[in-house]
Amino acid sequence: MTVLTYGTFDHFHWGHLNLLERARALGNRLVVGVVSDQVCSEKNRTFSTPCEERLAVIKALRCVDEAFVQLELDQKEKDIDRFSARYLVVGDDWKGHPRFEQVRGYHGVEIVYLERTPGISSTLIRQRIKDQTPMQT
Ligand code: CTP
C-alpha cells in the first residue's frame with residue numbers, strides 16, 4: 001500500500017524524520033513530493049536550500065521509497081492516480097485544511113493527519129541561525 005506525502009523539508013530536521021517514518025509505517029511504500037522553489041515562492045513559503053538539495057536529502061532516507069519534485073501548486077489528484085496512493089499523509093498543522101480535505105475519498109484515498117513533533121520547525125532553525133542562538137534541548 002502506497003503512502004503519499006508532501007513538504008518543503010528545508011533544513012531537514014527531527015520533526016521531518018518523525019513524520020516520514022510514521023507515514024512509511026502506514027503502508028509498504030512511501031512516496032514524497034518535495035515542493036519546488038517556484039511553488040514555494042508562489043505559496044509565500046520561505047526556504048534556504050534549493051529544491052535539488054532538499055530532494056537529494058529526502059531520496060537518501062531509508063524510509064523513503066520514491067521522491068519527486070512538486071512542480072504545480074496542487075497536483076494531488078494526479079499524484080494519487082500516478083502512484084495508486086492509498087493514504088495521503090501530512091502533519092496535523094494541516095488538519096481540516098481544504099488543500100487536503102478536497103481530495104478526501106478521491107479514488108479511495110484516506111487522509112491521515114499525523115501529530116506534529118513539538119518544538120522544532122524549519123522556521124525555528126532559520127530564526128536560530130539568524131539570531132545565532134542554539135536550539136533548546
Ligand atoms: N512536520 C512535523 N513536525 C514538525 C515539523 C514539520 O510533523 N515539527 C511535518 C509537517 O506537518 C509536514 C512535513 O513535516 O507534514 C513537512 O513540513 P515542512 O513544512 O516542510 O516543515 P516545517 O518545519 O513545518 O517548515 P516551516 O517552518 O517552513 O513551516
Side-chain angles (χ1 to χ4, degrees):
M1 267 203 269
T2 298
V3 182
L4 175 64
T5 193
Y6 298 89
T8 307
F9 304 106
D10 194 32
H11 295 294
F12 191 83
H13 59 68
W14 157 244
H16 293 149
L17 184 62
N18 208 5
L19 185 284
L20 293 175
E21 286 186 335
R22 284 176 296 153
R24 176 63 170 78
L26 290 170
N28 52 22
R29 178 167 79 132
L30 177 61
V31 180
V32 183
V34 176
V35 184
S36 72
D37 296 349
Q38 165 135 13
V39 170
C40 278
S41 305
E42 284 169 25
K43 288 167 138 182
N44 289 324
R45 287 193 68 94
T46 312
F47 62 96
S48 310
T49 317
C51 183
E52 313 81 73
E53 295 176 20
R54 292 182 278 112
L55 180 70
V57 171
I58 296 298
K59 278 188 169 171
L61 296 170
R62 207 166 29 204
C63 59
V64 173
D65 299 282
E66 208 168 324
F68 64 96
V69 178
Q70 181 195 332
L71 289 168
E72 293 168 40
L73 206 53
D74 205 344
Q75 56 182 65
K76 290 187 188 64
E77 277 104 338
K78 209 155 78 176
D79 294 337
I80 289 165
D81 288 341
R82 177 172 154 214
F83 297 109
S84 305
R86 176 76 173 80
Y87 297 104
L88 175 60
V89 172
V90 70
D92 62 6
D93 44 322
W94 289 97
K95 197 165 189 165
H97 196 286
R99 201 170 282 166
F100 288 89
E101 288 301 320
Q102 73 193 11
V103 291
R104 183 175 286 280
Y106 177 79
H107 289 184
V109 79
E110 265 183 59
I111 316 290
V112 180
Y113 298 105
L114 293 178
E115 193 183 337
R116 195 177 156 89
T117 304
I120 184 78
S121 72
S122 305
T123 304
L124 191 62
I125 295 171
R126 284 190 296 268
Q127 193 60 46
R128 300 268 178 190
I129 292 169
K130 194 164 155 245
D131 298 344
Q132 298 198 308
T133 52
M135 297 296 290
Q136 307 289 332
T137 51

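Just so it is clear, the structure is predicted and the values come from calculations on it, not from any experiment.
The hydrophobic clustering, which links ILVMFWY residues whose side-chain heavy atoms are closer than 4.5 Å, places Tyr106 and Val89 apart. Val90 and Val31 fall within the same hydrophobic cluster, where Ile, Leu, Val, Met, Phe, Trp and Tyr residues are linked whenever their side-chain heavy atoms come under 4.5 Å apart, directly or through other members. Cluster membership for Leu26 and Leu4, using ILVMFWY side-chain heavy atoms within less than 4.5 angstrom, is not shared. Val34 and Phe47 fall into different hydrophobic clusters, where Ile, Leu, Val, Met, Phe, Trp and Tyr residues are linked whenever their side-chain heavy atoms come under 4.5 Å apart, directly or through other members. In the hydrophobic clustering of ILVMFWY residues, with side-chain heavy atoms under 4.5 Å counting as a link, Leu19 and Val112 come out together.
Between the side chain of Arg22 and the main chain of Asn18, a donor-acceptor pair closer than 3.5 Å is present. The main-chain N or O of Glu72 is found under 3.5 Å from a side-chain atom of Gln70 such that the two form a donor-acceptor pair. Under a 3.5 Å cut-off, the side chain of Asp92 and the backbone N or O of Tyr113 do not form any donor-acceptor pair.
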I would like to know whether Leu71 and Gln38 meet side-chain contact (heavy atoms from CB on, under 4.5 Å); could you show each step before the answer? CA-CA 8 Å; Leu71 289 168; Gln38 165 135 13; over 6 Å; no
May I have the step-by-step check of side-chain contact (heavy atoms from CB on, under 4.5 Å) for Arg116 and Ser121, ending in yes or no? CA-CA 10 Å; Arg116 195 177 156 89; Ser121 72; 3.5 Å; yes
Would Val103 and Ile111 count as a side-chain contact (heavy atoms from CB on, under 4.5 Å) here? Give the steps. CA-CA 8 Å; Val103 291; Ile111 316 290; 3.8 Å; yes
For Tyr6 and Val39, what are the C-alpha separation, side-chain angles and deciding distance, and is it a side-chain contact (heavy atoms from CB on, under 4.5 Å)? CA-CA 12 Å; Tyr6 298 89; Val39 170; over 6 Å; no
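Considering only heavy atoms from C-beta on, Phe9 stays 4.5 Å or farther from Thr49 through its side chain. Side chains of His11 and Arg128 form no contact here, defined as non-hydrogen atoms less than 4.5 Å apart. Between Arg99 and Lys76, the closest side-chain pair of non-hydrogen atoms falls below 4.5 Å. Residues Ser122 and Arg45 have side chains not in contact (no heavy-atom distance under 4.5 Å, counting atoms from C-beta outward). Met1 is not listed as a side-chain neighbour of Val3, based on a closest heavy-atom distance of 4.5 Å or more.
Between the CD1 atom of Ile125 and the OG atom of Ser48 there is a distance of 9.5 Å, given to the nearest 0.5 Å. For the atom pair Thr5 OG1 and Tyr87 OH, the distance stands at 14.5 Å (nearest 0.5 Å).
Atom NZ of Lys95 is surrounded by 12 or fewer heavy atoms from other residues, nucleotides or ligands within 6.0 Å. Atom CD of Glu42 sits in a crowded spot, with more than 12 heavy atoms from other residues, nucleotides or ligands closer than 6.0 Å.
Salt bridge status for Asp10 with Arg126: present, with a side-chain N to carboxylate O gap under 4.0 Å.
Relative to the six-membered ring of Phe68, Arg82 meets both conditions, a distance below 6.0 Å and an angle of at most 45° to the axis.
Across all non-hydrogen atoms, the minimal contact from Arg54 to Cys40 is NH2-SG, 4.2 Å. For the residue pair Ala23 and Leu114, the shortest heavy atom distance occurs at N-CD1, 3.8 Å. Here the shortest heavy-atom pairing between Phe12 and Leu17 reads CZ-N, 3.7 Å. For the pair Val69 and Ser36, the tightest heavy-atom approach, listed with the atom from each and the gap, is CG1-CB, 3.6 Å.
Using cut-offs of 30° and 60° on the angle between ring planes, the pair His13 and His16 is parallel.
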Pair up each side-chain donor or acceptor in residues 55-66 with any protein partner under 3.5 Å, not counting sequence neighbours, and list the distances.
from  : atom 1 : to    : atom 2 : distance (Å)
Asp65 : OD2    : Arg24 : NE     : 2.9
Asp65 : OD2    : Leu30 : N      : 2.6
Glu66 : OE1    : Arg29 : NH1    : 3.1

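Annotation: side-chain hydrogen bond (donor to acceptor under 3.5 Å, both in side chains) contacts of Ser41 (sequence neighbours excluded): none.
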